[in-house]
Participant: 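Have a look at the structure that comes next, please.
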Amino acid sequence: MSSSRTPWRTRAATAALAVLAGIGASAVPGPALAAASSENTRQAVSYHGYRIEVPADWQVVDLTENPRACLRFDRPAVYIGEPADQNDCPARVVGRTAGIVVEPITARSAGQVTAATARTQRGEATAPAAASSNDTIRVAVEDAGVLVTAAHTPATESLVRGVLGSAELTAGARRTELPRVSEQSAAAQQSATASLAAAGPQPGSYLGKGFDACTAPSQTAMNAWQASSPYSAVGVYISGSFRGCAQPNLTASWVTSQTGNGWRLFPIDVGRQAPCTSFSLKMSADPATAKSQGVTAAAGAISAASSLGIPAGSAIYSDIEAYTSTTSCKAAVLSYLSGWTERLHGSGYLSGYYSSAASGIKDAASEYNNSAYTRVDHIFYAWWNGAADTNTGTYVPATYWSNHQRIHQYVGEVTESYGGYSINIDRDYLDVGTGTPPAPTCTGVNLDFTVYSTVQSGSTGDQVKAVQCLLKAAGYDPGAPDGDFGPATTTATRNFQTSRGLTADGVVGPKTWTALLSRGSAPTIQKGSTGEAVTRLQRALTAALGRTVAIDGVFGPGTEQGVRDYQSSRGLGVDGVVGPATWGALQSGK
């Protein structure tokens, strides 16, 4: 067992020996050049006519000389050249400082290009407005024929942007355009998503062995292992500000290929760690802030999953390394996981939690029935006892997470070889099922107003928060309900309006309010009826009629009169009874 999960630190020191062979502080022959600057505080690194200046203490790894070097970001480094099909990566690298990969534009590297990838203008080497997605900035510099991937943490983003801002083209630059398939990346990603949807949510229902590795193996390695290894599931690190390894192979097409070949994937996010650890990126010790940070982490994971074609219904596992538990530390971790779970549920994903059985998982089990925390759907626990099963010993009662909700990491840091491909892995045993995330609700958000005002881009306040919650419950994700009507809320509103045949202007006026507030089941109700459907009706009538209808869940005379007035004004049969026709009109925003 490895209850402290510290072996990754010793692996980092060992793996450094492999990387040092490719490090140089002075000019070297070939396509890559590194030279100390005159100030002796920065060094210039050139590749393919693309030149940047990095701090002098950064490692420079020439992948032409050391093609199997592991592209890892837990120490500052620049990797230049094309990564090999097979890399010498340890099973897990937790932690990130800063790192940059400069690789040639090829069909393989172009698979990493997404809508977030920036492109430089002709004759330029920088893209100042390049967005950061999951704490990674990616820039395609076609005039030098290179794809630049820059990993950072919140603390090192300005440093990394400074390095990217120093870029310039040299005389050796030769233009290579991205392959045409990348120009159609949106269509390609939609195709990949559709293909994966046919394979079902990940990991889906599966009982058997799997493995996780720091970097997604190449297609040839996956094929070789599929043919002769005992594994049929693979853990992949898809997101997170603390993800330590680069992922040159992990693209939507890679995901589609694996699931199409029968592999089950269990996606992993490595984000903020417990506040009682020495990690550089920690969640807040304040439970409310930690919960908000969990929401943010989940939003990034959902974005990454979506771009990779991993559909809703899949489980995503938050990796929180071992910690020495205290009351306050446990509260922070479980609050973070509550935010993580609620945000995933809001987009239809299941939540998973990876940690040491002796610390994080034990803490989660101790509060299993505490309604103050939102329980995760799956546990993924490190207990290196060598037993390929999902027994949790004394750490978790057998009745907890017992409905196909467990993954056991039973051996760590072993190198195995199948079909000529060696990979350093952790061994896992899975007993998982598809499950069903709870339907999004608006519990805790006020939906009852005497007037439903028109809200739109730039609006703020409780009515915006109500709109956001209603959109999310309807399956149109505006992000976390924060009361700020921003671009994501506008997009979600337009998509909802389109689905209801309304004018898709992104403005929530009476018609959109009526459709949102009335959405749900449509039982026949009339005078004397009570309950949730009556409450929805009263809210919708208030929005549709432009006057207050008391919202109390009781179908009394005032509600009946409101129904008759609505039916008359919409050309419906006026009987005061809310049946299919009246519900249909309300839910269409009429």
Side-chain angles (χ1 to χ4, degrees), residues 1-3 5 91-92 196 199-213 225-226 229-238 258-259 261-269 305 310-320 322 337 340-341 344-345 348-369 374-412 414 416 425-438:
M1 171 188 174
S2 175
S3 62
R5 293 298 301 165
R92 305 181 75 251
L196 184 59
Q202 300 302 308
S205 296
Y206 174 70
L207 177 67
K209 292 183 176 181
F211 72 93
D212 58 270
W225 277 49
Q226 183 182 35
S229 82
Y231 307 112
S232 295
V234 56
V236 288
Y237 293 85
I238 67 166
Q258 306 330 308
T259 58
N261 288 340
W263 284 98
R264 306 302 182 98
L265 310 183
F266 43 109
I268 306 167
D269 174 274
I310 299 173
S314 300
I316 307 178
Y317 300 81
S318 177
D319 181 334
I320 298 177
L337 290 170
W340 165 263
T341 300
L344 285 172
H345 285 176
Y349 287 83
L350 296 169
S351 73
Y353 173 32
Y354 169 89
S355 192
S356 164
S359 61
I361 301 299
K362 183 178 180 180
D363 273 356
S366 72
E367 304 295 338
Y368 185 84
N369 292 311
T374 304
R375 185 192 307 155
V376 297
D377 300 301
H378 288 189
I379 54 171
F380 176 10
Y381 57 98
W383 183 18
W384 293 358
N385 62 356
D389 58 27
T390 53
N391 174 41
T392 47
T394 60
Y395 298 118
V396 179
T399 55
Y400 292 0
W401 294 288
S402 58
N403 187 25
H404 309 292
Q405 297 168 281
R406 297 183 174 197
I407 303 177
H408 178 193
Q409 188 181 83
Y410 63 95
V411 173
V414 294
E416 297 187 20
I425 66 169
D426 295 327
R427 296 174 184 160
D428 307 303
Y429 190 82
L430 294 80
D431 181 359
V432 292
T434 54
T436 302

Participant: Could you tell me whether the side chain of Arg406 and the main chain of Trp401 form a donor-acceptor pair under 3.5 Å?
Facilitator: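 Indeed, once roles are kept as given, a pair shorter than 3.5 Å links the two residues.
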
Participant: Measuring from Tyr231:OH to Phe211:CZ, what's the distance to the nearest 0.5 Å?
Facilitator: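 Reported to 0.5 Å precision, the distance equals 8.5 Å.
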
Participant: Show your working on side-chain contact (heavy atoms from CB on, under 4.5 Å) between Val396 and Trp383 and close with a plain yes or no.
Facilitator: CA-CA 12 Å; Val396 179; Trp383 183 18; over 6 Å; no

Participant: Any chance the rings of Tyr395 and Tyr381 have centres within less than 6.0 Å?
Facilitator: no

Participant: Can the ring centroids of Tyr353 and Trp340 be said to lie less than 6.0 angstrom from one another?
Facilitator: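 Between Tyr353 and Trp340, the centre distance exceeds or equals 6.0 Å.
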
Participant: Side chains of Ile316 and Leu350, heavy atoms from C-beta outward: is any pair under 4.5 Å?
Facilitator: no

Participant: Just how far is it from atom CG of Asn403 to atom CG of Asp431, taken to the nearest 0.5 Å?
Facilitator: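 Atom-to-atom, Asn403:CG and Asp431:CG are 9.0 Å apart.
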
Participant: Report the distance from atom CD1 of Ile361 to atom OG1 of Thr392, rounding to the nearest 0.5 Å.
Facilitator: 10.0 Å

Participant: Return yes if some donor-acceptor pair links the side-chain N/O of Arg427 with the main-chain N/O of Lys209 below 3.5 Å, else return no.
Facilitator: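 Such a contact is absent between Arg427 side chain and Lys209 backbone.
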
Participant: As an exercise, state the distance from OG1 of Thr374 to CG of Leu344, rounded to the nearest 0.5 Å.
Facilitator: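 Going from the OG1 atom of Thr374 to the CG atom of Leu344 covers 11.5 Å.
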
Participant: Restricting to ring-ring contact (aromatic ring centres under 6.0 Å, His included), what partner residues turn up for Tyr206, sequence neighbours left out?
Facilitator: none

Participant: Could I get the full list of ring-ring contact (aromatic ring centres under 6.0 Å, His included) partners for Tyr237, not counting sequence neighbours?
Facilitator: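 Partners of Tyr237 under the ring-ring contact (aromatic ring centres under 6.0 Å, His included) test: none.
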
Participant: Apply the test side-chain contact (heavy atoms from CB on, under 4.5 Å) to residues Asn385 and Asn391: give CA-CA distance (whole Å), side-chain angles for both, the deciding distance (0.1 Å), then the verdict.
Facilitator: CA-CA 10 Å; Asn385 62 356; Asn391 174 41; 5.7 Å; no

Participant: Any donor-acceptor pair under 3.5 Å linking the side chain of His408 with the backbone of Tyr429?
Facilitator: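 Such a contact is absent between His408 side chain and Tyr429 backbone.
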
Participant: Is there a donor-acceptor pair under 3.5 Å between the side chain of Asp377 and the backbone N or O of Ser351?
Facilitator: yes

Participant: Would you check if the side chain of Asp428 reaches a backbone N or O of Asp212 as a donor-acceptor pair within less than 3.5 Å?
Facilitator: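 A pair under 3.5 Å: yes.
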
Participant: Hey, is the main chain of Asp426 close enough, under 3.5 Å, to the side chain of Gln409 for a donor-acceptor pair?
Facilitator: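 No; zero donor-acceptor contacts below 3.5 Å.
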
Participant: Quick one: pull up CG in Asp319 and OH in Tyr317 and give me the separation to the nearest 0.5 Å.
Facilitator: 13.0 Å

Participant: Counting C-beta onward and ignoring hydrogens, is there a side-chain heavy-atom pair between Tyr400 and Arg375 closer than 4.5 Å?
Facilitator: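 With C-beta onward as the side chain, the pair stays apart.
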
Participant: Grab the two heavy atoms, one from Thr399 and one from Tyr368, that are nearest each other, plus how far apart they are.
Facilitator: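 Between these two residues, the closest heavy atoms are O-OH, 4.4 Å.
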
Participant: Within this structure, what is the NE2-CD1 distance for the pair His378 and Ile407, rounded to the nearest 0.5 Å?
Facilitator: 7.5 Å

Participant: Give a yes or no answer on whether the side chain of Gln258 reaches the backbone of Trp263 with a donor-acceptor pair at less than 3.5 Å.
Facilitator: no

